[in-house]
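The structure appears right after this line, and notes come after that.
Both counts, for ligands and for their atoms, begin at 1 and track the order of listing.
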Amino acid sequence: MIFVAGSANLDFVVRAAHIPAPGETVLGRDFKTYPGGKGANQAVASARAGGVPTHMLLALGDDAFAAPLEASLQAAGVVRHIVRVSDQATGTAFICVSDDAENAITVAPGANLSLRAADLPALAGFSHLLLQLETPIDTVAAYARAAREQGVAVVLNAAPAQRLDTDLLALIDVLIVNQGELAVLAQHQGSIAECLTRIAVPCVVVTLGAHGCCARCDGVFLTQPAFPVKSVDTTGAGDTFCGVLVAALGQGKRLEQALRQASAAGALACTRHGAQSSIPTQTELAEFLAQQPDAAPAQTAAIRTYCGLTN
Ligand code: RIB
């Protein structure tokens, strides 16, 4: 069983030809709201695509934005532990998605900043606690410490990017980052492999967009080339990767297999609009994976070269 503690946001999404530069106004189209927030996206991915019983601790305001967030978690089968906050609005995110599927996101955390150490229930029966950085860092650290004390593996998706102190890193079993987050954490100009080696966590996974992903676990490097898809919206793809990776690890799968499943789920999420709305079901994921050949030697060589690993 997986426990996710973190953020839930209502995403206000507009599509546009390109993401505005500072000071620029662009005319967009197709405005919609979607359930989002890194924590809630990851919980939905663990339950829906990963097929693993999943609980989530989240904080919501006492307002109309909360209802669609609760409904989406419920529809995915996530068991909710909700802290209701009366003096803060439910978290929101303002997202511009460009026609080449990239996005720019500004989060107004609101109620997400109200999560406190005392809100975490006992974790008996859970294999992994999955955390992100859209809630207060002291709370993240307290949850990681509580999980470590209870023998629950701690997985941190260090997003949005920020530097982390060594006390917090020492509580993490698996760290998941994208390339920008890796650079912030490693504070190093060298190769991806070198950056992964500089982070004092036993297992570090970096997602590399269209290149794939790379993990350094207990000194061993693993790579997974990306599955080619036609992307329309990358929002939530990283969260889908995190939720499915942790669900697979919770099912006792080997890291190599977990990376393959997480990459495929993330790829599928890029082919649909929105965050939670883009996360595939377990059946869709299995069907997609069944159609994918094993990585060709040239693909593996390409990602190893990209990461600075000697082939
Ligand atoms: O990772 C994507 C998510 O980031 C969005 O759903 C948005 O709410 C922000 O939290």
Under 3.5 Å, sequence neighbours excluded: what are the donor-acceptor pairs made by side chains of residues 135-152?
residue: T139; atom: OG1; partner: L115; partner atom: O; Å: 2.8
residue: Y143; atom: OH; partner: R116; partner atom: O; Å: 2.7
residue: R148; atom: NH1; partner: A170; partner atom: O; Å: 3.1
residue: R148; atom: NH2; partner: A170; partner atom: O; Å: 3.4
residue: R148; atom: NH2; partner: L171; partner atom: O; Å: 3.3
residue: Q150; atom: OE1; partner: L123; partner atom: N; Å: 2.8
residue: Q150; atom: NE2; partner: A146; partner atom: O; Å: 3.2

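- Ranked by closest heavy atom to atom 2 (C) of ligand 1, the top entry among T240, N157, D239 is D239.
- Ligand 1 does not have S7 within reach: every non-hydrogen atom of the residue lies 4.0 Å or more from it.
- Looking only at protein heavy atoms, the nearest one to atom 9 (C) of ligand 1 is E134 OE2, 3.5 Å.
- Every residue two or more places apart in sequence or in another chain that forms a side-chain hydrogen bond (donor to acceptor under 3.5 Å, both in side chains) with E24 is listed here: H18.
- Sulfur-sulfur distance for C217 and C203: below 2.5 Å, consistent with a disulfide.
- Residue, atom and distance of the protein heavy atom nearest to atom 4 (O) of ligand 1 are K38 NZ, 3.1 Å.
- Side-chain contact between L58 and L69 is absent, with no heavy atoms from C-beta onward closer than 4.5 Å.
- With hydrogens left out, the protein atom closest to atom 6 (O) of ligand 1 is D11 OD2, 2.7 Å, a heavy atom.
- Close N/O approach between T235 and ligand 1 is not found [any backbone or side-chain N/O within under 3.5 Å].
- Ring pair F3/F126 is perpendicular by interplanar angle, where above 60° counts as perpendicular and below 30° as parallel.
- Close contacts of ligand 1 with N41, meaning ligand atoms under 4.0 Å from a residue heavy atom, involve 2 (C), 3 (C), 5 (C), 6 (O).
- Close approach of ligand 1 to A93 is summarised as follows: ligand atoms under 4.0 Å from at least one heavy atom of the residue are 7 (C), 8 (O).
- Separating the CG atom in L169 from the CZ atom in R163 is a distance of 10.5 Å, to the nearest 0.5 Å.
- Atoms of ligand 1 found under 4.0 Å from any heavy atom of G36 (numbered from 1 in listed order, with element): 6 (O), 8 (O).
- Heavy atoms from other residues, nucleotides or ligands lying under 6.0 Å from CZ of F65 number 12 at most.
- Residue A275 has no N or O atom closer than 3.5 Å to an N or O atom of ligand 1.
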